[in-house]
Trainee: 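Handing you a structure now.
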Amino acid sequence: MKNYPNVTIFSHPLIQHKVAILRDENTKMKEFRELIEEITTLMVYEAFKDVPTKRVTVKTPLEVTEQTMVADNAVTIVPILRAGLGMVNGVHTLFPTARVGHIGLYRDEETLEPHEYYCKLPEGIEDSVVVLLDPMLATGGSAIGAIDLLKKRGCKNICLMNIIGVPEGVEAVHKAHPDVKVYVSTLDRQLNEHGYILPGLGDAGDRLFGTK
Ligand code: PRP
Ligand code: URA
C-alpha cells in the first residue's frame with residue numbers, strides 16, 4: 001500500500017505480540033476482550049503525543065510549581081457498535097474522564113453496505129478530538145459512514161483507530177476523508193468473498209460478546 005501522511009500502521013512488537021494471540025481461534029472471550037483493551041491502550045499512547053494540554057499549578061510538599069496536564073474534554077470517545085465497544089475501556093485507561101458517544105452501524109451481509117441504527121453524541125463533541133473506535137476496517141464502509149455522521153455534527157478533528165485493517169479499507173477511508181487520521185495496529189492481506197479480513201480474526205463482535 002502507498003504511504004499516506006494521515007495513515008499510521010503500528011509495527012511495535014508489543015502490539016504485534018498481542019494481536020497474534022488475539023487472532024488465535026483458541027483465544028476465548030475473556031482473554032479476547034482483555035487483549036482488545038490492552039492493544040487499544042498501547043495504540044492511544046503512541047497516537048496521542050500531541051493531545052491538547054493545559055498548564056496547572058501544583059503544590060508539592062516543598063514548593064508551588066507549574067505543570068502540564070491533559071486539557072479538559074480534550075477527547076471524546078465514539079465506538080462503532082457493537083465491536084467498537086470493546087475498545088472503550090482501553091481509551092478510558094488513559095483518558096478516564098473522556099465522554100462517550102455511540103454510533104450504531106451494521107453491515108448488510110449480502111451488499112456489505114453499512115446501515116445506521118443508532119447515533120447519540122455528547123454535546124460539544126465538535127470542540128474535542130474524536131477518537132472513533134472499531135477493531136475491524138474491512139471495506140471501510142462502516143468507518144466512512146460513521147465519519148460522515150460525525151462531520152454532519154460539526155466534528156473537525158477525527159481520528160479513527162482500528163486493530164486490524166486491509167489496504168482497500170484504509171484507502172477507501174483515506175479517499176473519502178483525507179483529513180481524518182487513521183491508526184491501524186496491523187495491516188492484513190485482503191478481504192475474502194464475504195468481506196472478511198484475511199488472515200484476520202473472524203467476527204470481532206461475535207468473539208467479544210460470545211454471540212456465536
Ligand atoms: C463489523 C466491524 C465493523 C465492520 C467493518 O461490524 O466491527 O464495524 O464490520 O466492515 P466494513 O469496513 O466492511 O464496513 P458488523 O457490521 O459485523 O457489526 P457488529 O459489530 O455489530 O458485529
Ligand atoms: N468485520 C469483522 O468483524 N471481521 C472481519 O473480518 C470483517 C468485518
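Numbering of ligands and ligand atoms starts at 1, following listing order. Computed from a predicted model, the values in this text were never measured in an experiment.
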Trainee: Can you tell whether the side chains of Asp72 and Lys54 come within less than 4.0 Å, N to carboxylate O?
Mentor: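 Answer for the salt bridge query: yes.
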Trainee: Aromatic rings Tyr106 and His115: how do their planes relate, parallel, tilted or perpendicular, breaks at 30° and 60°?
Mentor: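 Plane angle under 30°, so parallel.
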Trainee: Minimum distance, heavy atoms only, to atom 3 (C) of ligand 1: which one of Leu137, Ile103, Asp134 is it?
Mentor: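 The option holding the nearest heavy atom is Asp134.
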Trainee: Between Arg82 and Asp206, is there a side-chain N and carboxylate O pair less than 4.0 Å apart?
Mentor: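 Salt bridge present between Arg82 and Asp206.
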Trainee: Considering distance alone, does some N or O of Gly140 sit under 3.5 Å from an N or O of ligand 1?
Mentor: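 Yes.
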Trainee: OG of Ser185 to CD of Gln16: how many Å apart, nearest 0.5 Å?
Mentor: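 If I round to the nearest 0.5 Å, the distance is 6.0 Å.
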Trainee: Within 45 degrees of the ring normal and closer than 6.0 Å to the centroid, is that where the cationic atom of Arg107 sits relative to Tyr196?
Mentor: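 Yes, a cation-pi geometry holds between Arg107 and Tyr196.
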Trainee: Can you check atom 1 (C) of ligand 1: any protein non-hydrogen atom closer than 4.0 Å?
Mentor: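 So atom 1 (C) of ligand 1 lacks protein heavy-atom neighbours under 4.0 Å.
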Trainee: Counting each atom of ligand 1 from 1 as listed, which ones have a heavy atom of Tyr106 under 4.0 Å away?
Mentor: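 What qualifies from ligand 1 is 16 (O).
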Trainee: Using heavy-atom distances, let me know which of Arg82, Arg207, Arg107 sits nearest atom 15 (P) of ligand 1.
Mentor: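 Heavy atom nearest to atom 15 (P) of ligand 1 belongs to Arg107.
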Trainee: Does any pair with a residue in residues 137-160 pass ring pair (Phe, Tyr, Trp, His ring centres under 6.0 Å), and if so which ones, sequence neighbours excluded?
Mentor: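 Listed by first then second residue: nothing to list.
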Trainee: Decide, yes or no, whether a salt bridge links Asp179 with Lys151 under the criterion of side-chain N to carboxylate O below 4.0 Å.
Mentor: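 Yes, this pair counts.
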Trainee: Where is the nearest protein heavy atom to atom 13 (O) of ligand 1: which residue, which atom, and how far?
Mentor: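 In this structure, atom 13 (O) of ligand 1 has Thr139 OG1, 2.5 Å as its nearest protein heavy atom.
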Trainee: Check the orientation of His174 and Tyr4. Use parallel for under 30°, tilted for 30 to 60°, and perpendicular for over 60°.
Mentor: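 The arrangement is tilted - the two ring planes meet at 30° to 60°.
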Trainee: Identify whether Val182 and Met1 are in the same connected component of the hydrophobic contact network (ILVMFWY, side-chain heavy atoms under 4.5 Å).
Mentor: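 Yes, it is one cluster - the side chains of Val182 and Met1 are joined through contacts under 4.5 Å.
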Trainee: Apply side chain to side chain donor-acceptor pair (under 3.5 Å) to residues Thr57 and Glu66 and explain how you reach the verdict.
Mentor: CA-CA 5 Å; Thr57 306; Glu66 288 291 305; 2.8 Å; yes
Trainee: Does the protein place any heavy atom closer than 4.0 Å to atom 6 (O) of ligand 1?
Mentor: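 Protein heavy atoms within 4.0 Å of atom 6 (O) of ligand 1 - there are none.
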Trainee: Look only at interatomic distance and state if Ala83 has a nitrogen or oxygen under 3.5 Å from any nitrogen or oxygen of ligand 1.
Mentor: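 Yes: some nitrogen or oxygen of Ala83 is under 3.5 Å from one in ligand 1.
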Trainee: What protein heavy atom is closest to atom 18 (O) of ligand 1, reported as residue, atom name and distance in Å?
Mentor: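 Nearest neighbour among protein heavy atoms for atom 18 (O) of ligand 1, to 0.1 Å: Leu105 O, 4.1 Å.
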Trainee: Enumerate the pairs of nitrogen or oxygen atoms, one from ligand 2 and one from the protein, separated by less than 3.5 angstrom; state names and distance to 0.1 Å.
Mentor:
| residue | atom | partner | partner atom | Å |
| --- | --- | --- | --- | --- |
| ligand 2 | 3 (O) | Ala204 | N | 2.8 |
| ligand 2 | 4 (N) | Gly202 | O | 2.8 |
| ligand 2 | 6 (O) | Ile197 | N | 2.8 |

Trainee: Which protein heavy atom lies closest to atom 17 (O) of ligand 1, and at what distance to 0.1 Å?
Mentor: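 The answer is Asp203 OD2, 4.2 Å.
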Trainee: If we count only N and O atoms by modelled type, under 3.5 Å, do the side chains of Asn6 and His177 hold a donor and an acceptor together?
Mentor: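 Side-chain D/A pair, Asn6 to His177: absent.
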Trainee: Please state which protein non-hydrogen atom is closest to atom 14 (O) of ligand 1 and give its distance, to 0.1 Å?
Mentor: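 Ranking protein heavy atoms by distance from atom 14 (O) of ligand 1, first comes Ser142 OG, 2.6 Å.
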Trainee: Quick check: is Ile15 connected to Ile163 through a chain of hydrophobic side chains (ILVMFWY, heavy atoms under 4.5 Å apart)?
Mentor: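 Per the 4.5 Å side-chain linkage, Ile163 and Ile15 are co-clustered.
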Trainee: Does any N or O of ligand 1 fall below 3.5 Å from an N or O anywhere on Leu112, backbone included?
Mentor: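 No.
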